[in-house]
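All values below were derived from every heavy atom in this structure, side-chain atoms included, with hydrogens, water molecules and symmetry-related copies excluded. Not measured: the values here are computed from a predicted model.
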Amino acid sequence: MPRLAIRLVATLCSASLLIALVGCGGGGPAPSPPPGPPSQPPVEIGAGPGPPDATIAAEPAIDTLAARNAPLASAPDASHVRAEAVERMRQFAADPPDTEAELRGLLADFTGWATQEPDDPVSQAGLAVSLVLAGAYNAGIDAGYATDDLLALLSPVTELAPAACSGDPRRRARRLVELCLPRLPLPSGAAITTSADWPDLTDPAFSTADVQVAVRSFLLPIIPLAVERLSAVADNAPDAPLMEDIGGGSIVRAYESDVRVVMGMLRLVEAGLLQACAFQLNAGGWDWTVPLADRDGDGDGLLTVEEYLPGDPFLWRKDCDNMQRAGRLMRRNLSALASAIEDRREDSLTARWLPDQPAVDEAAALLRDARELIAGEVTVTLTWSAPGGAASTTTVPVNLRTVWDDPADDLKDLLPTLEVGGNAAWEALPRDAADFPDPSLAGILPQPGPVIGILCAGPDYLALSYGEIDELVLVDQR
């Protein structure tokens with residue numbers, strides 16, 4: 001049984017952007033429009049109507065109802081913090097739960113403490129985080145994945161936690177950007193390229209529909225509840241520490257800005273989940289291991305989209321506004337996260353993550369540049385190399401906002417015809433702009449010529465840079 005990538009689903013953001021930007025397939029003349037609206041799964045893919053407890057079905061493993069119904073903070077204060085909650089948070093950051101029983105115990109502890117003392121900000125924060133982990137675990141169980149595989153995938157939550165971070169501050173800020181702009185595996189050689197961050201698409205047991213339904217049912221509804229719990233702490237916080245702890249010989253305090261950092265991170269994860277549920281991704285019985293050259297059914301040396309990708313409804317957009325909502329969440333919370341980081345105090349939890357002012361300035365600039373990149377037309381630098389060749393750079397305008405504000409109904413409509421060939425990194429490539437139904441990729445490329453030229457040359461490396469975003473890798477076939 002393949003591992004459910006809760007981290008994958010959480011970072012499976014902007015599949016449409018990167019499919020379009022790096023051109024992963026064929027095209028030729030524009031394919032015929034779909035014969036009708038995509039068939040929908042038997043659940044709504046979206047926010048869901050009704051009060052919070054009505055949006056979550058009967059949970060398959062860990063019952064979160066009591067945790068969801070725990071009272072919110074109204075006057076959070078450090079004087080209400082219990083030592084057990086601080087120690088529990090420290091243990092969690094250092095050693096996340098690796099059994100269902102440990103996760104269940106974590107949730108129960110913070111639920112009890114927050115219920116007994118709603119104005120304990122540490123208990124409220126611990127409850128918010130453990131709620132999200134329980135929602136992710138329930139989604140994994142519902143999707144049919146092995147219990148032992150799930151909890152090992154919770155590391156992204158703790159690796160981003162300010163209390164647990166060490167090492168290069170730039171890498172940690174860049175990780176936040178990658179929540180919005182991850183690398184997409186592309187077809188090359190005889191199979192789909194995969195990485196540790198992606199499920200095995202060739203495994204016949206893998207079902208994106210099962211994952212999407214599980215995420216929609218058990219994880220997406222939880223995140224706004226966790227953010228609401230944190231917001232009640234931040235909005236009512238005094239101008240004083242919410243926590244004071246002596247650890248490692250130094251005093252560490254938590255402030256309102258620390259809470260808002262976690263809120264911003266969770267909202268970016270929510271945006272990624274919305275996008276992960278936005279498109280039909282199931283390929284049915286499609287065999288990804290067949291070499292591209294063997295898919296040339298008519299023997300003309302060219303591959304149409306219909307020849308090298310699964311048929312409809314693969315890559316159809318679901319009848320929902322997930323992409324638009326995700327775009328709004330990303331733009332708003334990249335800015336909010338940058339502001340919260342800039343407000344960090346020198347003795348705060350966030351300061352353990354970003355220890356000095358240059359690190360703060362760089363992280364905030366990186367996040368704001370990421371927002372600019374997805375908010376409208378900007379000029380970016382592309383760095384690429386052909387197999388065995390030296391790196392080259394060029395600047396091009398891009399307008400990525402259209403990916404979210406006006407998403408394609410069928411991503412296959414953006415993909416080119418491929419010519420079967422002997423490129424060292426690619427078995428098949430587009431020949432020129434005429435192979436693309438729309439070289440602008442629905443407005444993403446206002447001046448498509450340079451990018452189309454790079455794609456047709458078959459790069460073994462392609463990266464995007466903008467401001468502080470330094471070489472965000474889109475393709476790496478080296």
Side-chain angles (χ1 to χ4, degrees), residues 1-12 43 48 52-53 55-70 88-89 91-114 123-161 164 179 196-199 205-230 262 265-266 268-270 272-274 276-277:
M1 186 75 72
R3 301 189 314 173
L4 169 69
I6 291 174
R7 71 179 292 176
L8 318 181
V9 176
T11 59
L12 186 57
V43 297
D53 59 346
T55 67
I56 301 176
E59 291 163 310
I62 299 178
D63 186 349
T64 67
L65 184 60
R68 286 180 271 137
N69 288 335
R88 199 77 159 97
M89 286 287 274
Q91 291 173 354
F92 165 69
D95 185 20
D98 56 12
T99 68
E100 180 180 314
E102 289 181 8
L103 179 54
R104 192 187 300 274
L106 184 76
L107 182 66
D109 283 347
F110 283 119
T111 299
W113 294 332
S123 293
Q124 292 287 4
L127 179 54
V129 173
S130 54
L131 258 174
V132 173
L133 298 186
Y137 184 81
N138 282 330
I141 294 298
D142 185 69
Y145 292 92
T147 302
D148 292 343
D149 292 331
L150 295 175
L151 288 162
L153 298 169
L154 299 178
S155 60
V157 178
T158 55
E159 78 182 37
L160 288 175
L179 288 172
D197 283 344
W198 283 78
F206 177 74
S207 169
T208 57
D210 289 346
V211 174
Q212 288 176 323
V213 170
V215 167
R216 159 64 192 93
S217 301
F218 301 110
L219 182 51
L220 260 176
I222 284 283
I223 293 180
L225 300 180
V227 172
E228 178 187 24
R229 188 164 297 280
L230 293 171
V262 179
M265 292 176 178
L266 287 177
L268 290 179
V269 170
E270 181 185 3
L273 291 168
L274 286 168
C277 294

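- Every residue two or more places apart in sequence or in another chain that forms a side-chain hydrogen bond (donor to acceptor under 3.5 Å, both in side chains) with T64 is listed here: E59, R68.
- A search for side-chain contact (heavy atoms from CB on, under 4.5 Å) contacts involving A61 returns E100, Y137, N138, I141, not counting sequence neighbours.
- With sequence neighbours left out, D109 forms a salt bridge (Lys or Arg N to Asp or Glu O under 4.0 Å) with R88.
- The shortest heavy-atom contact between I223 and L266 is CG2-O, 3.6 Å.
- In this structure, CG in L107 is found 14.0 Å from CD in E102, a value given to the nearest 0.5 Å.
- Side-chain atoms of S130 come within 3.5 Å of backbone atoms of L127 as a donor-acceptor pair (strictly under, hydrogens ignored).
- Minimum interatomic distance between A114 and S123 (heavy atoms only, all atoms of both residues): N-CB, 3.9 Å.
- Scanning all heavy atoms of the two residues, the minimum distance from P97 to L103 falls at CB-N, 3.7 Å.
- Minimum interatomic distance between A67 and T111 (heavy atoms only, all atoms of both residues): CB-OG1, 3.3 Å.
- Among all heavy-atom pairs drawn from V215 and C277, the shortest one is CG1-SG, 4.0 Å.
- Residues passing the side-chain hydrogen bond (donor to acceptor under 3.5 Å, both in side chains) test with Q91 are E87, sequence neighbours excluded.
- Every residue meeting the side-chain contact (heavy atoms from CB on, under 4.5 Å) condition with A125, not counting sequence neighbours, appears here in chain and number order: M89, L230.
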